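Remember, predicted model here, so these are calculated numbers, not experimental data. Throughout, protein chains are lettered first and strands after them, A, B, ... in sequence-line order, and every chain is numbered starting at 1.
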Amino acid sequence: MGKKQKKKKLPVLFIGICVIPTVVLTLIFKIYPTVNTLIMSFTDANLLGSGTFVGLHNYTYMFQDKYFILALKNTVKLLAVVSVVTIAFSLILAFILTQSRLREAGIYRTILYIPNVISLSVVAVIWAFVFNARMGIVNSFLDSVGLGMLKRDWLGDSNTALWCIGVVMIWQAVGYYMIMHIAAIDGISQEIYEAAIIDGAGKVRQLLSITVPLIKNIIGRTFILAISGTLGMSLSLAKVMTGGGPNGASSVLTYYMFQQGMMQGNFGYAMAITVFTLIMSLGLSFLTEAITEKE
Amino acid sequence: MVGKRAGKWKRILVSWILRVIMILLSAVMIYPLIWNLYSSFKTNTEFLGDAMKLPEHLMWDNYIRAISETNLGVSILNSIGIVIVSTAILALLTIPCTYCLVRYRFPGAKLILKVYMALLFIPDSSTLIQLFLLMRNLHLLNSRAALALLYAATGVAFPVFLLSGFLSKIPRDYEEAAMIDGCGPFRILINVVVPLARPGIVTVCMFSAIGSWNEYMTAMVMLTDEKKKTLAVAMAHLYEVQRYATDWGTLFAALVIALLSTLMIFMIGQKYIVQGMNVGGVKG
């Protein structure tokens with residue numbers, strides 16, 4: 001009786017007070033900007049005004065813009081290498097920490113996780129000095145092990161600038177995904193491993209034949225997070241560490257969007273780049289989901 | 001018998017190899033931060049020498065300059081204020097909202113939950129410029145309160161996602177018992193649901209607090225006034241300035257202060273963060 005009554009009579013006022021403010025704020029600060037991004041991407045809006053409708057011009061123009069192409073290539077390189085390396089590393093580390101039963105595993109876990117809690121701007125400044133040609137520890141280390149000929153201005157060299165950012169991304173994110181993978185591996189029954197040990201399976205074999213297949217779905221999700229995480233970090237790191245330089249060599253889509261929009265005021269074009277980036281990252285996410293959820 | 005003993009030795013050997021690997025790896029991971037720490041005591045001439053070398057004397061002067069010659073103290077206070085306000089707003093927004101969304105099957109509740117799930121996939125960088133234009137039109141640029149509100153409003157999706165997991169696991173019996181005792185929905189929410197969902201709420205607040213504390217791009221775009229900058233923005237700005245002023249000691253000392261203040265917050269919330277990641281992150 002009481003249950004039925006409750007289902008019929010909703011406390012409308014209560015629900016309204018609870019839900020409406022949040023939804024309204026989301027509409028104003030999340031949905032409206034997102035929709036407006038799409039709309040503005042079809043205009044030539046700039047610093048002078050909201051511009052006129054130009055159809056797909058921004059989208060066709062970007063493929064003739066060599067700095068856009070460069071930023072796209074760099075982004076793809078980072079996504080391909082950083083996401084894969086981060087997930088692979090974090091998985092191996094999680095496997096070692098859960099299966100080796102080292103007593104001090106907790107200490108390693110904390111140390112590896114610490115980079116993840118530091119502000120990206122602070123991380124970027126610290127690593128800018130790590131790679132600094134004159135004051136950095138990378139060059140100092142190379143000198144001390146007799147590999148002085150490899151010394152260079154890491155962030156100023158167009159061959160290495162992008163990969164310096166990649167290294168920082170892996171350094172920053174590996175602990176985060178490691179903890180997620182530890183949680184996932186902890187969910188696997190220990191008996192399965194014991195059975196495998198009796199069958200004579202080595203550790204590498206256990207990792208590849210038991211752990212990875214059993215947490216495949218979770219690896220898929222962490223991979224999706226790693227893709228969006230890599231994109232998310234790319235803006236701050238490129239901004240502080242290299243400014244996209246030298247000459248666009250470490251520019252990424254998010255940074256090029258920022259450069260076009262905030263620095264040069266080409267809002268319409270910047271929005272088209274944003275939409276392109278967003279579709280790319282969503283596409284990759286769905287693809288990953290489709291691959292890992294199969295079977 | 002012999003095989004068993006050999007197996008034991010092999011296990012010990014393997015675990016020591018792993019231990020050495022982990023120690024080396026941890027050392028490499030933490031070294032940039034340790035280097036930052038000991039270098040903050042170097043003189044500016046020492047900075048130009050061998051980078052890995054330890055300082056000859058402890059230059060506490062760097063810290064005095066970092067505090068007195070920069071706006072670091074003000075920036076830290078700004079960050080603390082923004083973190084507290086935005087986290088409080090976020091909690092006030094998301095706890096009642098998520099509770100209603102998972103408890104009452106009103107028309108649209110499912111849709112709203114789905115929209116929030118979808119919003120998880122929209123990165124902050126993609127709305128950055130639009131938010132800047134919006135705040136400019138609303139004349140809310142350069143306002144710390146507005147930035148705090150913005151953090152809360154744009155950060156709703158993840159807490160809703162996490163809290164909906166926590167809240168839907170609370171058995172309805174408690175609420176029904178309270179209802180029979182004559183409690184209205186507001187009192188049930190405050191006196192029954194909130195205490196039961198406390199671990200989830202604390203987790204959400206910790207995530208939000210660390211997120212706002214560390215946020216860089218939005219704060220940089222919104223706050224231009226030197227006196228209003230958050231710690232994350234101030235650090236990047238200080239880097240720009242000191243790089244050319246060549247006062248690296250001050251910069252490194254400031255970095256250490258920024259690092260320690262962040263780690264302090266992290267240590268306080270560590271338990272809840274790890275727990276929250278296990279519950280809401282990817283499991284299930």
Side-chain angles (χ1 to χ4, degrees), chain A residues 10-11 14-15 18-19 21-23 25-26 28-30 33-34 36-37 96 100 102 108 111-112 114-115 117-122 124-128 130 134-137 140-141 144 171 179-180 183-184 187 218 221-222 228 231-232 235-236 240 254 261-262 267 270 274 277-278 282 285, chain B residues 15 18-19 22 26 29-30 32 35-36 47-48 50-52 93-94 96-97 99-101 104 106 112 119 121-132 134 150 153-154 156 185-186 210 213-214 216-217 221 231-233 235-236 239 248 255 258-259 262-263 266 274 277-278 281-283:
Chain A
L10 287 169
F14 173 69
I15 294 177
C18 289
V19 175
T22 313
V23 170
L25 282 172
T26 304
I28 297 174
F29 291 109
K30 201 82 201 181
T34 306
N36 222 17
T37 300
I96 292 177
S100 68
L102 293 175
Y108 303 135
I111 289 178
L112 295 173
I114 280 177
V117 295
I118 306 167
S119 172
L120 269 184
S121 69
V122 175
V125 175
I126 292 174
W127 279 89
V130 168
R134 219 160 35 136
M135 295 176 282
I137 41 179
S140 163
F141 174 76
S144 69
W171 179 80
I179 288 192
M180 288 195 172
I218 290 163
R221 285 185 213 175
T222 49
S228 59
L231 277 176
L235 176 55
S236 304
V240 179
T254 49
M262 293 303 295
F267 297 127
T274 307
T277 312
L278 193 59
L282 289 180
S285 301
Chain B
S15 88
L18 286 177
R19 180 167 283 147
M22 288 310 294
S26 302
M29 288 286 283
I30 204 78
W35 172 67
N36 182 206
F47 270 98
L48 294 173
D50 185 2
M52 297 194 356
L93 286 174
T94 52
C97 179
Y99 173 66
C100 285
L101 291 177
Y104 298 105
F106 63 91
I112 295 174
L119 287 180
F121 285 92
I122 305 216
D124 287 339
S125 63
S126 67
T127 51
L128 181 67
I129 294 174
Q130 286 295 334
L131 281 175
F132 169 76
L134 178 66
L150 194 64
T154 53
V156 167
F186 286 104
I210 289 184
W213 180 268
N214 285 340
Y216 169 58
M217 288 309 292
V221 166
L231 185 60
V233 181
M235 289 316 303
Y239 171 57
W248 302 294
L255 281 169
L259 274 176
T262 309
L263 286 183
F266 168 64
V274 172
M277 271 173 67
N278 292 351
V282 284
K283 242 185 175 179

Taking side chain as C-beta onward, heavy atoms only, is [X] less than 4.5 Å from [Y]?
| X | Y | answer |
| --- | --- | --- |
| B:Leu231 | A:Ser121 | no |
| B:Met22 | A:Leu112 | yes |
| A:Ile126 | B:Leu259 | yes |
| A:Thr254 | B:Leu128 | no |
| A:Leu120 | B:Asn214 | no |
| B:Met235 | A:Ser119 | no |
| A:Leu25 | B:Val156 | no |
| A:Pro11 | B:Tyr104 | yes |

With a 4.5 angstrom heavy-atom cut-off, which part of [X] approaches chain A: side chain, backbone, both or neither?
| X | value |
| --- | --- |
| B:Ile112 | side chain |
| B:Ala258 | side chain |
| B:Phe132 | side chain |

Counting heavy-atom pairs under 4.5 Å with chain A, which one of [options] comes out on top?
| options | value |
| --- | --- |
| B:Tyr99, B:Phe106, B:Phe121, B:Trp35 | B:Trp35 |
| B:Ala236, B:Pro185, B:Pro123 | B:Pro185 |
| B:Thr262, B:Thr154, B:Asp124 | B:Thr154 |
| B:Asn36, B:Leu255, B:Ile30 | B:Leu255 |

Got a second to check how far [X]'s [atom1] is from [Y]'s [atom2], nearest 0.5 Å?
| X | Y | atom1 | atom2 | answer |
| --- | --- | --- | --- | --- |
| B:Leu150 | A:Lys30 | CG | NZ | 9.0 Å |
| B:Ile129 | A:Met262 | CD1 | CE | 6.5 Å |
| A:Leu102 | B:Arg19 | CG | CZ | 5.0 Å |
| B:Ser15 | A:Ile96 | OG | CD1 | 12.0 Å |

A:Tyr108: ring pair (Phe, Tyr, Trp, His ring centres under 6.0 Å) partners, not counting sequence neighbours =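 Ring pair (Phe, Tyr, Trp, His ring centres under 6.0 Å) check on A:Tyr108 returns nothing, list empty.
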By ring pair (Phe, Tyr, Trp, His ring centres under 6.0 Å) - contacts of B:Trp213 (at least two apart) =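 With sequence neighbours excluded, B:Trp213 shows a ring pair (Phe, Tyr, Trp, His ring centres under 6.0 Å) to no residue whatsoever.
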Against chain B, label [X] side chain, backbone, both or neither, depending on which of its atoms sit under 4.5 Å from a heavy atom there.
| X | value |
| --- | --- |
| A:Leu278 | side chain |
| A:Ser228 | neither |
| A:Ala124 | neither |
| A:Ile118 | both |
| A:Thr274 | side chain |
| A:Phe267 | side chain |

Look at [options] and state which one has the largest set of heavy-atom pairs under 4.5 Å with chain B.
| options | answer |
| --- | --- |
| A:Thr37, A:Ile137, A:Val19 | A:Ile137 |
| A:Pro21, A:Ser236, A:Gly261 | A:Ser236 |
| A:Ile28, A:Val23, A:Ile114, A:Val125 | A:Val125 |

From CA spacing to verdict: side-chain contact (heavy atoms from CB on, under 4.5 Å), A:Phe29, B:Leu134 = CA-CA 8 Å; A:Phe29 291 109; B:Leu134 178 66; 3.8 Å; yes
Closest heavy-atom pair and its distance - A:Pro115, B:Met29 =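 That closest heavy-atom pairing would be CG-CE, 4.1 Å.
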